[in-house]
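Following: one structure in structure tokens, then a few remarks.
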Amino acid sequence: MENKLTINEYFEKGNFIIPNYQRGYKWGVPNDDGECAVTILMDNLINAYMDKLPEYYIQGVTVCKDDKSIILIDGQQRTTTFYLLLKYLKYDRLPEIRYDIRKESHEFLLSSEIKDCKIEYTGSNSLDENSQDIYYFKKTIKTIYDKNKAIVEREDHTFLNFILDKVKLFFIEINKEDATKVFSMMNGQKAIMKTDELIKASLLSKSSRKGNFQEAQFSIAEEWEINSLRNKYAREWDKWLYWWNKKSVKEFYGSQSNP
């Protein structure tokens, strides 16, 4: 099922869930020229706003529904970036973004405030604010601030209204049973994820299951044990990949750039 939605309609769909096979937030990662996906998006949005375009389309999202939540199959990076942009622009009806395994990322987004060019955690729990997601959340807010301050202050809701009502996307809904397959297919075709990332995603997805029952109801203790094991697998995989990508190891095995 496909629908055309404004950003306002999209964020009113409900809370978002980032499934366990999704990689971390990376749109704040700079390219070789110092630019990043957030910089490009902000330039495009500001140009569309200044040109007073009647509508501006961004790339669509692919989702499946779980009760009142939206599971993001393709569109995590765009959704998170717009979430941060709306938070910066003081939009007060933001839903939650929940992560299946990266709980600290959810906690940070839920309990944070933006002061000038910084997003600051205001919660009581102890978080690793140098984790990939949180580090690039902060970088993204700084980029938004640098771009936005040239055209309008946050107190002026003109730009916010443009984002909410004029920026649109295609909302594509699929069956939950097809989610992992579609994710691998889409990301493989777009070459966004490397082979080793897809393997890691598949392993972490399988480690979330109990036997053959994907819909099994876990107790809190079982869920904690599964999350702990999955985190251990992720760390071990990353350590192995770090070793495998060393120049001396590549030369010894003749792997070059092939993981």
Side-chain angles (χ1 to χ4, degrees), residues 7 10-30 36-39 41-42 61 63 66 68-149 154 160 163-164 192-193 197 200-201 204-205 208 220 223-224 226-235 237-238:
I7 291 296
Y10 177 52
F11 276 89
E12 287 184 344
K13 282 283 186 179
N15 293 323
F16 296 100
I17 295 177
I18 311 297
N20 54 54
Y21 47 79
Q22 291 270 18
R23 58 184 180 162
Y25 179 66
K26 299 183 74 172
W27 263 30
V29 180
C36 67
V38 179
T39 305
L41 174 66
M42 286 302 298
V61 298
V63 308
D66 182 10
K68 295 182 180 180
S69 299
I70 306 297
I71 301 174
L72 290 167
I73 310 305
D74 183 66
Q76 175 205 175
Q77 308 290 332
R78 291 182 292 285
T79 301
T80 304
T81 301
F82 272 94
Y83 179 98
L84 291 168
L85 174 58
L86 292 176
K87 190 177 182 73
Y88 176 87
L89 294 172
K90 294 186 174 180
Y91 179 66
D92 58 5
R93 298 198 305 275
L94 281 172
E96 291 184 20
I97 296 183
R98 300 172 182 168
Y99 296 76
D100 271 355
I101 54 175
R102 302 194 301 280
K103 305 297 184 183
E104 289 191 340
S105 301
H106 167 251
E107 173 67 20
F108 183 86
L109 289 178
L110 185 65
S111 304
S112 59
E113 293 180 356
I114 295 176
K115 299 178 181 179
D116 296 325
C117 63
K118 296 180 180 179
I119 182 169
E120 298 178 356
Y121 176 62
T122 57
S124 57
N125 294 328
S126 177
L127 301 184
D128 177 11
E129 296 195 34
N130 292 315
S131 66
Q132 175 181 304
D133 283 354
I134 297 175
Y135 178 81
Y136 285 112
F137 293 161
K138 294 179 180 181
K139 297 282 282 187
T140 293
I141 288 296
K142 180 62 168 62
T143 299
I144 290 171
Y145 170 81
D146 289 341
K147 292 292 181 180
N148 193 58
K149 68 181 181 181
R154 277 190 293 163
L160 171 61
I163 298 298
L164 291 172
I192 289 177
M193 293 188 79
E197 291 179 307
K200 180 180 178 181
L204 293 182
S205 177
S208 305
I220 294 176
E223 185 177 354
W224 183 91
I226 290 169
N227 286 337
S228 177
L229 186 62
R230 189 166 48 210
N231 289 336
K232 177 184 176 183
Y233 288 158
R235 289 194 301 271
W237 178 273
D238 290 342

request  = Indicate yes or no: at least one non-hydrogen side-chain atom of Arg98 is less than 4.5 angstrom from one of Ile18.
outcome  = no
task = Measure the OG-OH distance between Ser131 and Tyr136 for me, rounded to the nearest 0.5 Å.
result = 11.5 Å
key: Listed partners of Thr81 passing side chain to side chain donor-acceptor pair (under 3.5 Å), at least two apart   = Tyr25
key: Flag, side chain of Thr122 to backbone of Ser111, donor-acceptor distance under 3.5 Å   = yes
query = Quick one: do Lys118 and Glu120 make a salt bridge, cutoff under 4.0 Å?
reply = no
key: side chain to side chain contact (heavy atoms under 4.5 Å, CB included), paired with Trp27, selected from Leu84, Thr80, Leu41   = Leu41
note = In terms of heavy-atom contacts, Gly14 and Pro95 come closest through O-CB, 3.4 Å
query = Hey, what do you get for OG1 (Thr140) to CD1 (Ile119), rounding to the nearest 0.5 Å?
reply = 9.5 Å
request  = Spell out, as yes or no, whether a donor-acceptor pair under 3.5 Å connects the side chain of Glu104 to the backbone of Asp128.
outcome  = yes
request  = Show your working on side-chain contact (heavy atoms from CB on, under 4.5 Å) between Lys147 and Thr39 and close with a plain yes or no.
outcome  = CA-CA 8 Å; Lys147 292 292 181 180; Thr39 305; 3.5 Å; yes
message = Quick one, Cys36 and Val29 - any side-chain contact, counting heavy atoms below 4.5 Å?
response = no
task = Working to the nearest 0.5 Å, report the span between CD1 of Ile97 and CG of Leu72.
result = 7.5 Å
key: ring-ring contact (aromatic ring centres under 6.0 Å, His included) between Tyr83 and Tyr88, intermediate numbers included   = CA-CA 9 Å; Tyr83 179 98; Tyr88 176 87; over 10 Å; no
message = Does Lys13, at its NZ atom, have more than 12 non-hydrogen atoms belonging to other residues, nucleotides or ligands within less than 6.0 Å?
response = yes
inquiry  = To the nearest 0.5 Å, what is the distance between CD on Gln76 and CD1 on Ile17?
reply    = 13.0 Å
query = Is the side chain of Asp74 donor-acceptor paired with the backbone N or O of Val61 at a distance under 3.5 Å, no angle test?
reply = no
query = Any donor-acceptor pair under 3.5 Å linking the side chain of Arg102 with the backbone of Arg23?
reply = yes
task = Kindly compute the distance separating CD1 (Ile163) from CD1 (Ile7), expressed to the nearest 0.5 Å.
result = 7.5 Å
query = ring pair (Phe, Tyr, Trp, His ring centres under 6.0 Å): which pairs involve residues 102-129, sequence neighbours left out?
reply = none
Side chain to side chain donor-acceptor pair (under 3.5 Å) involving Tyr91 - partner list, sequence neighbours excluded = Asn8
ask   = Are the side chain of Gln22 and the backbone of Ile73 linked by a donor-acceptor contact shorter than 3.5 Å?
value = yes
ask   = Should Tyr10 and Phe82 be marked as a side-chain contact (heavy atoms from CB on, under 4.5 Å) after you check the CA-CA gap, both sets of side-chain angles, and the distance that decides it?
value = CA-CA 11 Å; Tyr10 177 52; Phe82 272 94; over 6 Å; no
task = Please confirm whether the backbone N or O of Gly28 pairs with a side-chain atom of Gln77, one donor and one acceptor, at under 3.5 Å?
result = no
note = Residues Ser105 and Asp133: closest non-hydrogen pair is OG-OD2, 2.7 Å
note = The single option from Leu94, Leu109, Asp92, Ile141 that satisfies side chain to side chain contact (heavy atoms under 4.5 Å, CB included) with Lys87 is Leu94
remark   = d(Glu129 CD, Tyr135 OH) to nearest 0.5 Å is 13.0 Å
